[in-house]
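In what follows, a structure is listed as structure tokens, so that the remarks can point back to it.
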Amino acid sequence: QLQFVESGGGLVQSGGSVRLSCVASGFTLDHYAIAWFRQAPGKERVGVSCISSSADSPNYADSVKGRFTISRDNAKNTVYLQMNSLKVEDTARYYCAAQLYYCSGYMDTTSWYEYWGRGTQVTVFS
């Protein structure tokens, strides 16, 4: 059974940092593009970042460029999202999602991704 487990979320002060992890079980991540999405209460789920299976040219939403970094460690079957200079508006539940090889051409396209985790909550306070 293919599963993701996200972790690393929590309560953090504005300006702080957290690193989210997305660990896969039941399959290896090597051939999968992995995306991070987030969903704030009452809002739609939106794309944050994506890294293809080849790990070239990761994509970022404009709202997180220069602050967030996505990376992957296939040996650990894990994808990370390093989140720096956090803002209150980054507060959301963060999900990882997977699809073979390529990221969606549009950052917010949830339907592209076949496998999803249950998410981890990040709350940023001022």
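- For residues 37-58, the pairs satisfying ring-ring contact (aromatic ring centres under 6.0 Å, His included) are F37-Y113, F37-W116, with sequence neighbours left out.
- Taking both residues in full, the closest heavy atoms of L86 and M83 are given as CD2-CE, 3.6 Å, listed atom of the first, atom of the second, then distance.
- Taken to the nearest 0.5 Å, the CG atom of N74 stands 9.0 Å off from the NE2 atom of H31.
- Counting Ile, Leu, Val, Met, Phe, Trp and Tyr side chains that sit under 4.5 Å apart, directly or through other members, V5 stands alone, with no cluster partners.
- Applying the 6.0 Å contact sphere to CD of E44 captures no more than 12 heavy atoms from other residues, nucleotides or ligands.
- Judged by distance alone, the side chains of N84 and S17 do bring a donor and an acceptor atom under 3.5 Å apart.
- The distance from the OG1 atom of T69 to the CZ atom of R19 is 11.5 Å, given to the nearest 0.5 Å.
- Partners of K43 according to the salt bridge (Lys or Arg N to Asp or Glu O under 4.0 Å) rule, which considers only residues two or more places apart in sequence or in another chain, do not exist here.
- A salt bridge links D90 with R38; the closest basic N to acidic carboxylate O contact falls under 4.0 Å.
- Contact detail for P58 and A55: the closest heavy-atom pair is CD-O, 4.3 Å.
- Here the CG-SG distance, from N59 to C50, works out to 6.0 Å after rounding to the nearest 0.5 Å.
- Partners of D56 according to the side chain to side chain contact (heavy atoms under 4.5 Å, CB included) rule, which considers only residues two or more places apart in sequence or in another chain, are S52, S54.
- K65 has a carboxylate O that lies under 4.0 Å from a charged side-chain N of D62, or vice versa, which qualifies the two as a salt bridge.
- Under the 4.5 Å side-chain heavy-atom criterion for grouping Ile, Leu, Val, Met, Phe, Trp and Tyr, I70 is connected to L100 within one hydrophobic cluster.
- A donor-acceptor distance shorter than 3.5 angstrom exists from the side chain of D108 to the backbone of G47, with no hydrogens or angles considered.
- Between W36 and C22, the shortest heavy-atom contact is CZ2-CB, 3.6 Å.
- Side-chain contact check for L81 versus S49: some heavy-atom pair is nearer than 4.5 Å.
- Under the 4.5 Å side-chain criterion, counting only non-hydrogen atoms from C-beta, R67 is in contact with K87.
- One distance of note links CD1 of I51 with SG of C103; it measures 8.0 Å at 0.5 Å rounding.
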Can I get a per-line list of side-chain donor-acceptor pairs under 3.5 Å for residues 117-126, giving both atom names and the distance, sequence neighbours left out?
residue, atom, partner, partner atom, Å
T120, OG1, G9, N, 3.2
Q121, NE2, A92, O, 3.4
Q121, NE2, T123, OG1, 3.4

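- Y102 and Y106 are not part of a single hydrophobic cluster, where members link through side-chain heavy atoms under 4.5 Å apart.
- Hydrophobic clustering (ILVMFWY, side-chain heavy atoms < 4.5 Å, transitive): W112 and F4 are in one cluster.
- In this structure, the side chains of E6 and S21 stay at 4.5 Å or more apart for every pair of heavy atoms.
- In this structure, Y32 and Y115 have perpendicular ring planes: the angle between them is above 60°, well past the 30° mark.
- Partner of V79 under the side-chain contact (heavy atoms from CB on, under 4.5 Å) criterion, chosen from V23, L29, L20: L29.
- Among pairs with a residue in residues 53-95, none fulfils ring-ring contact (aromatic ring centres under 6.0 Å, His included), at least two apart in sequence or across chains.
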